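Before any comments, here is the structure.
Order of the sequence lines sets the chain letters (A, B, ...), proteins ahead of strands, with each chain counted from 1. Since we're looking at a predicted model, the values are computed, not measured.
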Amino acid sequence: MNTPLQSVTRRRMSRICFLAALAILAAGLLQGRAAFAEEIAVIVNPANNISTLSPEDLARLFLGRATTFPNGQRAIPVNQAPASTVRVAFDQALLGKSQSQIRAFWATQMFSGAGVPPAEAPDDAAVLARVSADANAIGYVAASKVTGDVKVVLKK
Amino acid sequence: MSDVKRLPRSAAVFLLALFASPAALAQNAQNPLQIYGYLAWRLEKVWDELSRDGSGATVKTEAPREISLPSFNVMMQYKINERFKTFVNLSGAEAEDLSVNNIWGEYAHNQYVNLRFGKSYRRFGLYNERLDAVPTYIGIEPPELFDKDHLILSRTTLFMAHGWVPLGAGELHYSLSTDNGEGGPTSDDNVPLGFDMRYNFGLGNYTVGISAYTSNGDTTSDVALGDGSPRSGVLPWMAADDFHVLGSFGEFQIGNWLIQAEYWRASHDAERDPESILAVLANAGVNDSQRARFLIDPAGPEVASNVDTDGDYDITTWFVRAGYSRETSYGEIVPYFQWDFYKNPETIENKDWGGDAEAGLADDGEFTKVTLGIIYRPVPSVAFKADASVHTQKFNGEDERYPEIRIDVSYIFGR
């Protein structure tokens, strides 16, 4: 049997929780994010003999399900920094996941021992440098930043 | 499974967590050794807790608030080379001690065949292992399916093969395993088998699958009667139990929504041990329904000849949950809903005698739990969660409900 004081306390707690949830949701709905307007180019080293890569194969490499290119060559994916606009656009457009969904995905992988996320490079220039220097590397940059030192295998 | 190492309460736990801050343990994915983990604190409050008074009438009491450190986990992945890796998960429930949850090594032959040997989470396939391993997937509160009170899943030492093949626009994954059984003496030389098969499609955003396990013969509990609840699938008052588990699951990432559902059924072909049943009746405080299951004539004397040794029973459980993730400049917000159902008619409430506090409380071993909650992650490594649940079950012949609220804070380090 609850005392009147307990009932009042419970009602107050419910009201506070409800108002807090409402405030948080309202704040969230007012926020937006700047979009990445450019095309994304997925790049590999010119020594790699693949010429194209399907979105499914790309997702397998960047989500840790595959460790080799379709031609059997070892693959080392290179991600961009999590907060970068090109990374956000890549995750959404080519992996079909938001930032939080990507974090949740890697949490499941890491905590169960299934794998760890790819290495990260800080910007387009660093990704270009890594991919041009490593025959097994695969990365992505803004399409306008592509140089002759890498080969484009997918654009979106 | 035995604990490998015990440490003084909290000292090692908090020091390790303190020093293992994200900055201190910022990892490069090329580093072969990765160390990370999580801590979770909980404030829990239950109202209208159900019990019986001396005359057998229902009594509802307000339970005191509980503050706990329900989980502390440190994980280490070490990639020896391109084909071999090892994984260790040390866990400290309530920060009392550290025990080894998982320790295994894996050889990756190719995408089709990976071989794992060691102590692992679940023998019901990799989907549930991954789902169970994460504190803040949708919510910190796990489905009843993963509750340690419930017997449907357990931890064991196993040998597993797993892999995947491309199929259409997706991938067909499998795992096949055998393990060291329940830990107790068995009358047969069983070879338990577990498997799961699941299809990932839509860039991995959709998963459907099935999973199964068989003890492949009679087996017994991993704890003696009176030594607490078993961690295996067999109740301690069974003389023998041949059981089979079948489950199905689905997960769908649709825009900002994540929807998960599972259904499981465990069928036990079991035989009760009369002397153990008499000990339970004398010491564990069973209710009338449980007494009626255990005895041929519930009104008759508590003697071995009156014990019903036919202990066949089925456990059924399912859950549905959905969360909506919203990214804001203040962090991520995830309101979520979860609906659990669990039924185990054979269990009792008293955990010291091998029972299950939730299912055993109900007259018929059946309860539902509806949960509404919200998670706020100001930064990816920190989550605050508040949720409220209502348990519904039949108690003393009446439909009774009791509410509870939980406030959790979790901190992921080393990422």
Discussion item. Is it true that A:Gln73 and A:Asn136 share a donor-acceptor pair across their side chains at a distance under 3.5 Å?
Written reply: yes
Worksheet item: Is there a donor-acceptor contact under 3.5 Å linking the side chains of B:Thr371 and B:Asp387?
Response: no
Fill in: Distance-only polar pair, side chains of A:Asn49 and A:Asn71, donor-acceptor under 3.5 Å
yes
Discussion item. Can you give me the closest heavy-atom contact between A:Ala121 and A:Ala126, atom names plus distance?
Written reply: CB-CB, 3.8 Å
Worksheet entry | Engaged part of B:Gln111 at the chain A interface, taking heavy atoms whose separation is under 4.5 Å | neither
Discussion item. Only heavy atoms, only distances under 4.5 angstrom. Which residues in residues 53-67 of chain A are near chain B?
Written reply: A:Pro55, A:Glu56, A:Ala59, A:Arg60, A:Leu63, A:Arg65, A:Ala66
Worksheet item: Which word best sums up how the rings of B:Phe413 and B:Tyr411 line up, parallel for under 30°, tilted for 30 to 60°, or perpendicular for over 60°?
Response: tilted
Discussion item. Side chains of A:Val88 and A:Gln99, heavy atoms from C-beta outward: is any pair under 4.5 Å?
Written reply: yes
Item to complete: Can you label the angle between the B:Tyr38 ring and the A:Phe111 ring as parallel, tilted or perpendicular, going by 30° and 60°?
Response: perpendicular
Worksheet entry | Pairs of heavy atoms under 4.5 Å with chain A: top-ranked of B:Glu171, B:Lys79, B:Lys45 | B:Glu171
Discussion item. If I measure from the heavy atoms of chain A, does B:Glu82 come under 4.5 Å with its side chain, its backbone, both, or neither?
Written reply: side chain
